[in-house]
Novice: 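Below is the structure I would like to discuss, written out as C-alpha cells.
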Amino acid sequence: MKKYVISFVLLTCIFGFSSCEKEELLFNQGDIKIEIETGEHWLHDFPLLLGLSKKNPPQFAIWLEDKYGNYLSTVFATCKIATEGWQSNNGNRRKEALPYWCHQRGVVYEDGLLLPTKANPLTDGITGATPKENKTLLLRLDDFTEPIVIKAEFNHSIDFNEFFPENANEGDVNYSGGDMGSGQPAVIYSGVLNPGTKEVELQIIGYSSPDGSDGKVYTDLEKLTTAKTIVGKIKVTIE
Amino acid sequence: MKKILFTTALFTIIAFGVQSQNPNQVAVRLSFNQFEMGYQRQFIRQKIWAETYIGVGNQDINAKYDDFVTGLRIGRYILANEKNALSIAAGIGLYFPNNHYYKATTPVYSGFIAYNLFLGKSKKHSLLANLGYQYGKKDYTQEYSNNGFYAATTGSFKVSPVYFSLGYGFHF
C-alpha cells in the first residue's frame, strides 16, 4: 500500500514540475514588442441558456501595412475568425466581425466573402486561441528602414447599445448582423512605427462597417460605448 | 464533537465492512468536454480502488473531440452499502490537445467525489457520477515567418476546472 501511495505522489511531483515551466518570448535588440492590455470590457457576457452566460473575449486581428496603406501581412488573428470556427452560428459567416481587416487583406473566398473559411483558413500570420488576459507578440522585421503601420481590429458579438440595437433592420445604417451579430461594430487601432522610434501607442481611429458590407473607417466614435474599452492599451516598443 | 467522532467511526466501519464480490470494473464516462473508458480494480480488502482510463476530449482551440486523454485515479471508499458506494478520489493524467496550431501536452490533477449506484442484486451494473475539481495548464509558443518578418507569441492551454461526469460501470 505504501509503495502505491509513494509511486502516486512521485508521479504527481514529476508531472507537476513539467507543467510549471512558463513559456517566455526572447527579444533580441531591434525586435518589436506588441503588448495588448485588456480593457474594462475585454470580457463580454455571451448568453448560453437558462439564464446562464459565459465571459467571452473579443475576436481580433493585428496586421502590418506599408506607409501607403497597402496590406503587408497579418501578425496574429484569433481562431474563430481565422478558421470560420464559430460555434452554433448556423452557417452565419459573420462578415460583420472584422470587416476592415478582411477588406484590407482583400482575399476573396469561394463564397465571395472576404473571411477565411474552414476549408481555407488563414495562412498568413499566427492563428491563436483568443486570450482572456493581456497578450504579447514578438515581431522581427527583415528590413526596417521604412515606416511601418501596425493596425488592429477588435470585435465582440451581441454587444448592443442604443446606437446599434438588436432590433435594427437589414438595410438600416446601424444594422450589425441581427440578433446574433456584432451590435457595436469592430473598433480599429492604428500606429506608425518609424525606424529609430523607441515606443508608440496605437490609437483608436474609428470603427468598421456595422454590417460588414464595406472596408471603410467610420470616425463618429460617440456612437460606441463599451466597445471603446474592450482594449486598455496597445503599446509597441522596439527593444 | 462526540457526535462527529461517532459518525466518522460509523462510516469508517461501514466502509471497512463492505466486501465486494466483483473487484473489477470497466466503465464508460461522459462529461461535457470528455468521453473516457476505464478499468478499475479494488484492492486492500476492497477499501481502495485504482483506475486507469483513456478517452477523447474537445477542450483545445478547435473544440473537436480529437484530443487524447489518459490517466490514473486512486480512490478510497468512505461510505458503502448494498446499493451505493461513495469514494473520495484523486487523479493524475495527461491531456494531449490535437490541432495544427500548438503542442501543449498538459498534466492534469484532479480531486473529486465518486459515486456508484448499483443496479440489481448481482451488483454487476452501476451508474456512476464523479464531481470535483481539476487543474491542468500548459504554456506554449507559436511562431510564424514569411518573406519579410518573423512573429511569435505565447499562450496557455487550460482544462476546464470543473470535473463532472456520468457513466456506466460493469463489475466482474
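Chain identifiers are assigned alphabetically (A, B, ...) following the order of the sequence lines, protein sequences preceding nucleic acid strands; residue numbering begins at 1 within each chain.
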Novice: Pick one of side chain, backbone, both or neither for A:Thr130, based on which atoms fall under 4.5 Å of a heavy atom in chain B.
Specialist: neither
Novice: Find the one option among B:Ile61, B:Asn99, B:Asn62, B:Asn146 whose heavy-atom pairs under 4.5 Å with chain A are most numerous.
Specialist: B:Ile61
Novice: I'd like to know which of A:Leu141, A:Val75, A:Thr127, A:Asp143 tops the heavy-atom pair count under 4.5 Å against chain B.
Specialist: A:Thr127
Novice: Taking B:Lys158 first and then A:Glu133, would you say they form a salt bridge - that is, a charged N and a carboxylate O separated by under 4.0 Å?
Specialist: yes
Novice: Tell me, out of A:Pro131, A:Ser73, A:Gly85, who's got the most heavy-atom pairs with chain B below 4.5 Å.
Specialist: A:Ser73
Novice: In terms of heavy-atom proximity below 4.5 Å to chain A, should B:Tyr140 be classed as side chain, backbone, both, or neither?
Specialist: both
Novice: What part of A:Lys135 gets within 4.5 angstrom of chain B, counting heavy atoms only: side chain, backbone, both, or neither?
Specialist: side chain
Novice: Does any backbone or side-chain atom of A:Asp31 lie under 4.5 Å from a heavy atom of chain B? Answer side chain, backbone, both or neither.
Specialist: neither
Novice: I need the residue from B:Gly155, B:Gly136, B:Gly148 with the largest number of non-hydrogen atom pairs under 4.5 Å to chain A.
Specialist: B:Gly148
Novice: Can you say whether A:Thr78 sits under 4.5 Å from chain B via the side chain, the backbone, both, or neither, judging by heavy atoms?
Specialist: neither
Novice: Under a 3.5 Å cutoff, is there a donor and acceptor pairing between the side chains of A:Ser208 and A:Trp101?
Specialist: no
Novice: Measure A:Thr136 against the heavy atoms of chain B and call it side chain, backbone, both or neither at under 4.5 Å.
Specialist: backbone
Novice: Between B:Phe172 and B:Tyr39, what is the ring plane arrangement, given parallel below 30°, perpendicular above 60°, and tilted in between?
Specialist: tilted
Novice: Is it true that B:Asp67 and B:Gln59 share a donor-acceptor pair across their side chains at a distance under 3.5 Å?
Specialist: no
Novice: Taking only residues at least two apart or on different chains, which pairs with a member in residues 190-205 of chain A satisfy salt bridge (charged side-chain N to carboxylate O under 4.0 Å, His left out)?
Specialist: none
Novice: Tell me if the aromatic rings of A:Phe60 and A:Phe76 count as close, with their centers under 6.0 Å from one another.
Specialist: yes
Novice: Under 3.5 Å, side chain of A:Gln203 to main-chain N/O of A:Gly191, donor-acceptor pair present?
Specialist: no
